[in-house]
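These notes concern the structure reproduced below.
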2 protein chains.
Amino acid sequence: MLSRRDTVARRTTRRWPASSKNGRAAAAASSSRSHTEAEKRRRDRINGHLLTLRKLVPKSDKMDKAALLARVIQHVKGLQGEAAEVGKALTVPTDVDEVRISTYAAAAESTSGSQTDIFMEASLCCEDRPELFAEIDQALQSLNLSTARVEMGSLGGRVRIILLLSGNGIRNDSCSSQNRMINLKGSLNVALNRIVNSTPSVSSYRVTSKRQRFFLPSDT
Amino acid sequence: MLSRRDTVARRTTRRWPASSKNGRAAAAASSSRSHTEAEKRRRDRINGHLLTLRKLVPKSDKMDKAALLARVIQHVKGLQGEAAEVGKALTVPTDVDEVRISTYAAAAESTSGSQTDIFMEASLCCEDRPELFAEIDQALQSLNLSTARVEMGSLGGRVRIILLLSGNGIRNDSCSSQNRMINLKGSLNVALNRIVNSTPSVSSYRVTSKRQRFFLPSDT
DNA sequence: AACGACACGTGAATC
DNA sequence: TGATTCACGTGTCGT
């Protein structure tokens with residue numbers, strides 16, 4: 001459990017046998033001493049870094065040294081995954097039209113047993129236009145999908161919208177849910193692609209400058 | 001420099017002196033053996049985790065054990081800082097109303113010399129309501145601020161909006177630009193706070209469910 | 001030779 | 001008590 005003993009000096013750096021006058025034994029003793037001291041410096045260096053890591057990683061106090069390392073790798077993995085996910089899910093639109101749909105199951109630890117809900121994450125990137133949200137809304141409604149969360153970024157007249165969707169009542173305890181999921185995914189894909197690919201060139205709406213048309217007032 | 005020797009078994013797990021028939025010595029030897037074996041297992045566990053970390057952290061191969069740990073803490077610090085920064089700029093609304101404005105100068109490397117534009121980043125988090133964007137738009141227009149980029153996140157009926165603003169024609173080559181900047185910052189702050197703090201309770205707009213009102217169609 | 005890094009076995013301490 | 005964790009000193013390999 002690691003109590004004190006990591007800070008306390010358990011033994012006072014060993015008493016060396018007082019360098020004898022004999023040349024041979026003195027040399028050997030000196031060598032051994034420097035060796036021991038160097039080794040201690042090495043250990044202190046490692047343990048110092050270990051301590052830094054312990055302070056850095058939350059809830060890693062009162063932990064085994066090996067367990068600490070395990071927690072560190074878990075933390076690094078988590079942070080790396082998070083960073084990658086943020087990078088992938090970043091709401092900065094690019095110049096290419098894109099629709100990406102990924103399904104995954106998030107295990108929701110509830111009090112009454114663990115239930116696994118099915119979610120879908122849809123990311124679409126296209127030219128911005130006023131009817132965009134309404135069209136997306138309509139598509140989602142027709143597919144009976146509810147939006148758990150939405151994030152949106154806009155830059156240079158283009159938008160990237162990331163939707164976290166959940167199919168109503170679609171759980172993985174149903175045997176046919178997987179098939180429904182695939183169908184849903186396909187349907188959503190074609191619907192969003194249709195929305196993205198509807199070029200606004202025929203629309204009456206026209207961009208004056210290549211930039212600065214972010215705040216399109218609702219109707220005022 | 002860490003060559004092989006970490007994978008090679010340098011000595012074959014020590015030959016124990018064949019449990020003697022003496023009860024006392026046999027017990028002591030058995031105890032010592034289990035102790036040694038347990039200690040080896042512990043070392044292997046630690047080194048195993050260390051190896052995992054070495055695989056996890058890039059460019060940490062061919063490194064001292066202590067240096068590896070130093071690199072791990074550096075990596076963790078970097079990832080944590082990155083995550084914190086992302087978290088601060090992330091468009092996930094919280095439960096507290098908030099307005100945050102930060103100004104910074106971004107050096108734009110143009111062909112005709114380097115010109116330094118002044119930007120402001122405004123982050124506001126409040127309850128969502130249909131007139132919100134229009135009010136923000138109006139405030140920005142009255143302050144003659146143009147929006148270079150906007151990011152928005154919505155969750156549970158609340159929104160967090162992050163605006164990257166640039167004052168029109170405000171450059172730092174002007175001697176009075178700094179004062180104008182401060183005034184602008186203050187004005188923007190009071191304007192956004194007024195918008196955020198205007199409670200929608202008196203508004204005719206009312207939320208039915210605590211969730212799922214993300215896609216408010218423009219007017220259809 | 002001398003120095004640095006590693007694995008090892010052991011004594012002490014904690015649970 | 002036995003199991004487990006830690007720091008220590010040492011042997012040994014590679015530079």
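For clarity, every value in this text was computed on a predicted model and none was experimentally measured. Each chain gets a letter, A, B and so on, in the order the sequences are listed, and its residues count up from 1.
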If the condition is side-chain hydrogen bond (donor to acceptor under 3.5 Å, both in side chains), which residues does A:Glu98 pass it with, not counting sequence neighbours? A:Arg160
By side-chain hydrogen bond (donor to acceptor under 3.5 Å, both in side chains), which residues pair with B:Arg42, not counting sequence neighbours? B:Glu39
Looking at A:Lys40, I'd like to know whether one of its side-chain N or O atoms comes within less than 4.0 Å of OP1 or OP2 on D:dC8. yes
Would one find a side-chain N or O of B:Thr36 under 4.0 angstrom from OP1 or OP2 of C:dT10? yes
Separation of [N] [atom2] from [X] [atom1] (nearest whole Å):
| X | N | atom1 | atom2 | value |
| --- | --- | --- | --- | --- |
| A:Leu68 | D:dT4 | CG | C1' | 17 Å |
| B:Lys62 | C:dC6 | NZ | P | 13 Å |
| B:Asn47 | C:dC6 | CG | P | 9 Å |
| B:Lys65 | C:dA5 | NZ | P | 11 Å |

Residue whose closest nucleotide on DNA chain C lies nearer the 5' end, B:Glu39 versus A:Arg41: A:Arg41
DNA chain C: 5'-proximal contact among A:Ala38 and B:Asp44 (nearest heavy atom): A:Ala38
Report yes or no: is there a donor-acceptor pair, N or O only, under 3.5 Å between the side chain of B:His35 and the base of D:dG2? no
Under the criterion side-chain contact (heavy atoms from CB on, under 4.5 Å), I'd like the reasoning laid out for A:Ile136 against A:Leu163: C-alpha separation, chi angles, the key distance, then a yes or no. CA-CA 10 Å; A:Ile136 294 176; A:Leu163 308 158; 4.1 Å; yes
